[in-house]
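Just so you know, these numbers use all the heavy atoms, side chains as well, and skip hydrogens, waters and symmetry mates.
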Amino acid sequence: MSIKLNEKYVEKFVSKEELAAMQEEISRAADILDSRSGAGSDFLGWVDLPENYDKCEFAAIKEAAEKIKKSCDILVVIGIGGSYLGARAVIEFLKSPLYNNLKKDTPDIYYAGNSLSATALSELLSICEGKDICINVISKSGTTTEPAVAFRIFRNLLEEKYGKEGARERIFVTTDREKGTLKSFSDESGYKTFVVPDDVGGRFSVLTAVGLLPIAVAGIDIDKLMEGANTARLALCDKDIEKNDCYKYAAVRNILLRKGKVTEIFVSYEPYAQMFSEWWKQLYGESEGKDGKGIYPASAIFSTDLHSLGQYIQEGQRTIFETVLDVKDSMAEMPIPDDANNIDGLNFLSGKDLDFVNKNAMKGTLLAHMDGNVPNIVIELDKKDEHSLGYMIYFFEKACAVSGYTLGVNPFNQPGVEAYKKNMFALLGKPGYEEQKKALDERLK
């Protein structure tokens with residue numbers, strides 16, 4: 001197994017009896033998931049995806065990735081939320097948050113269409129000056145404001161730079177299989193298209209073409225990523241909490257929530273996990289935060305954030321718990337040199353590896369936070385490679401589904417995200433929103 005749940009730092013807060021009492025609820029939630037009988041059951045394509053993915057499209061993804069590698073200096077991934085977070089999380093986890101600054105034989109990868117910031121987009125356009133560019137626009141409909149605006153701008157840039165014919169060979173579209181504005185436009189324009197599956201929601205889509213094309217462009221082995229996810233699919237089926245750490249994680253979260261722990265901080269001691277934390281936050285926040293329920297998902301990178309959040313976590317309101325990612329094999333070595341004058345008083349660390357220091361910082365923090373009445377769930381990952389990461393992605397996806405059903409919500413819809421869009425459209429003067437615009441203008445006076 002690639003993942004193990006270490007209970008040492010949470011058993012003070014969750015007893016064996018409480019876990020046993022959760023078994024029936026977890027089994028019921030797992031049955032709902034397995035039988036596809038619950039709310040949102042039409043969005044369960046991710047469950048068997050690691051085995052039943054489209055092999056022909058998978059081959060086409062790898063072919064397109066090779067074409068992009070050979071034809072451009074920069075790939076711009078245009079998408080928002082699940083349309084880009086998964087790919088960016090995998091690339092930065094396995095390669096580096098400094099991926100674009102590394103010496104490599106793959107293109108730099110930048111992200112657009114995830115905000116409405118003119119500053120951010122103008123800076124990216126400046127970076128692209130004088131470079132060969134490809135774009136991968138990812139949108140189910142093609143009408144989501146943020147990516148649609150970015151696509152307009154980059155499409156115009158490519159057509160001015162390469163002409164329409166040349167631009168056609170540099171635009172790759174991931175969208176609906178048959179319908180939607182973007183699909184129709186792409187077919188008319190002759191763009192290479194890939195599919196956003198109908199039965200996989202955005203936050204669960206990292207192992208579809210949505211995530212796999214950019215990931216493959218970065219030189220990551222997507223076969224091994226899928227193999228890891230499939231290993232998890234096969235391993236995480238037992239409904240017995242004591243035999244399935246995925247379901248145990250779901251159970252512990254719900255027990256802690258019922259004890260007033262309403263905020264979960266996802267913690268890593270490695271900066272390369274920062275975007276994975278962002279993916280995790282969308283997965284759990286969008287899946288569970290509805291009907292007045294849910295755990296608020298936050299994240300931190302330690303020991304960095306111990307110098308800003310540490311005081312609050314140690315002694316603030318006792319409404320939080322932490323889920324700590326412990327990557328056992330860092331796959332990096334950095335011995336600490338000796339200093340003859342010992343000016344910093346750290347010669348007791350001379351010759352020790354920096355990862356050894358980091359791991360002991362983690363152990364010390366776990367003990368301190370536990371003593372401060374903060375439960376800590378430790379998720380131990382074997383190593384930083386494609387197989388282990390594929391396993392971890394599936395682990396958190398399945399735990400999220402079971403946790404959501406246990407909580408009593410539909411883990412696969414997101415009705416609340418439409419409210420801000422309607423207000424924005426009205427304020428911007430979109431046709432059909434005239435009455436709403438009047439009402440909002442009055443409120444803003």
Side-chain angles (χ1 to χ4, degrees), residues 40 42-47 49-50 53 57 61 76-93 109-116 136-148 150-151 172-177 180 182-183 193-218 222 225-226 229 266 273-290 294 297 299 389-390 392-401 403-404 409-418 420-421:
D42 49 341
F43 285 97
L44 292 179
W46 59 271
V47 175
L49 181 69
Y53 60 91
E57 182 170 64
I61 289 169
V76 178
V77 178
I78 299 174
I80 194 167
S83 293
Y84 91 103
L85 275 176
R88 187 169 182 181
V90 170
I91 292 167
E92 295 196 7
F93 194 97
I109 300 177
Y110 289 94
Y111 304 89
N114 50 64
S115 78
L116 292 169
N136 175 206
V137 57
I138 306 163
S139 175
K140 183 77 170 172
S141 65
T143 58
T144 303
T145 306
E146 294 90 340
F151 183 38
F172 300 82
V173 178
T174 309
T175 189
D176 191 89
R177 184 184 298 277
L182 184 55
K183 173 60 176 171
T193 61
F194 298 95
V195 175
V196 179
D198 290 334
D199 58 355
V200 180
R203 57 190 177 274
F204 289 84
S205 67
V206 59
L207 298 178
T208 72
V210 170
L212 292 178
L213 180 56
I215 290 168
V217 171
I222 59 175
L225 195 68
M226 295 298 282
F266 188 87
Q274 184 165 354
M275 290 309 300
F276 185 86
S277 301
E278 295 300 316
W279 172 82
W280 175 90
K281 285 193 287 190
Q282 185 193 4
L283 180 67
Y284 281 84
E286 203 166 72
S287 296
E288 294 187 324
K290 57 201 70 165
S299 65
L389 181 55
M392 183 164 66
I393 288 169
Y394 194 88
F395 176 98
F396 280 121
E397 288 180 342
K398 194 166 192 183
C400 182
S403 181
V409 301
N410 176 356
F412 307 109
N413 68 351
Q414 53 278 340
V417 301
E418 298 302 317
Y420 91 89
K421 293 180 183 179

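- Judged as a side-chain contact (heavy atoms from CB on, under 4.5 Å), and not counting sequence neighbours, the contacts of S141 are S139, T143, T144.
- By the 4.5 Å heavy-atom criterion applied to side chains, R88 and E278 are not counted as neighbours.
- Taken from CD in E286 to CD in Q414, the straight-line distance is 4.5 Å, to the nearest 0.5 Å.
- Separation of atoms CG (N136) and CG (L213) is listed at 4.5 Å; rounding is to 0.5 Å.
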Could you go step by step and tell me if M275 and L85 meet the side-chain contact (heavy atoms from CB on, under 4.5 Å) rule? CA-CA 7 Å; M275 290 309 300; L85 275 176; 3.6 Å; yes
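- Taking all atoms of both residues into account, the shortest heavy-atom contact from K281 to S299 is NZ-OG, 3.2 Å.
- When each of L212, I215, T174 is checked for a side-chain contact (heavy atoms from CB on, under 4.5 Å) with I61, only L212 meets the rule.
- Heavy-atom minimum distance, A401 versus P411: O-CG, 3.7 Å.
- Distance check: F276 CZ to I91 CD1 gives 14.5 Å after rounding to the nearest 0.5 Å.
- How far CH2 of W280 is from CZ of F266: 7.0 Å, rounded to the nearest 0.5 Å.
- Atoms OG and CD1, from S83 and I78 in turn, are 11.5 Å apart once rounded to the nearest 0.5 Å.
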Stepwise side-chain contact (heavy atoms from CB on, under 4.5 Å) test for L207 and L225: CA-CA 8 Å; L207 298 178; L225 195 68; 3.8 Å; yes
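- When every heavy atom of M226 is checked against every heavy atom of Y53, the shortest pair comes out as CE-CD2, 3.3 Å.
- Across every non-hydrogen atom of V206 and A87, the tightest pair is CG2-N, 4.1 Å.
- Counting heavy atoms from C-beta outward, F412 and L44 have side chains that approach closer than 4.5 Å.
- The two atoms that bring S205 and V210 nearest to each other are OG-CG1, 3.4 Å, heavy atoms only.
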Review item, side-chain donor-acceptor pairs of residues 193-202, under 3.5 Å, at least two apart:
{"from": "D198", "atom 1": "OD1", "to": "K140", "atom 2": "NZ", "distance (Å)": "2.7"}

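- Across all non-hydrogen atoms, the minimal contact from G79 to Y84 is O-CD2, 3.5 Å.
- With hydrogens and angles disregarded, no donor-acceptor distance shorter than 3.5 Å links the side chain of K183 to the backbone of T175.
- Atom CH2 of residue W279 and atom OH of residue Y284 lie 7.5 Å apart, to the nearest 0.5 angstrom.
- A heavy-atom distance below 4.5 Å is found between the side chains of F151 and L182.
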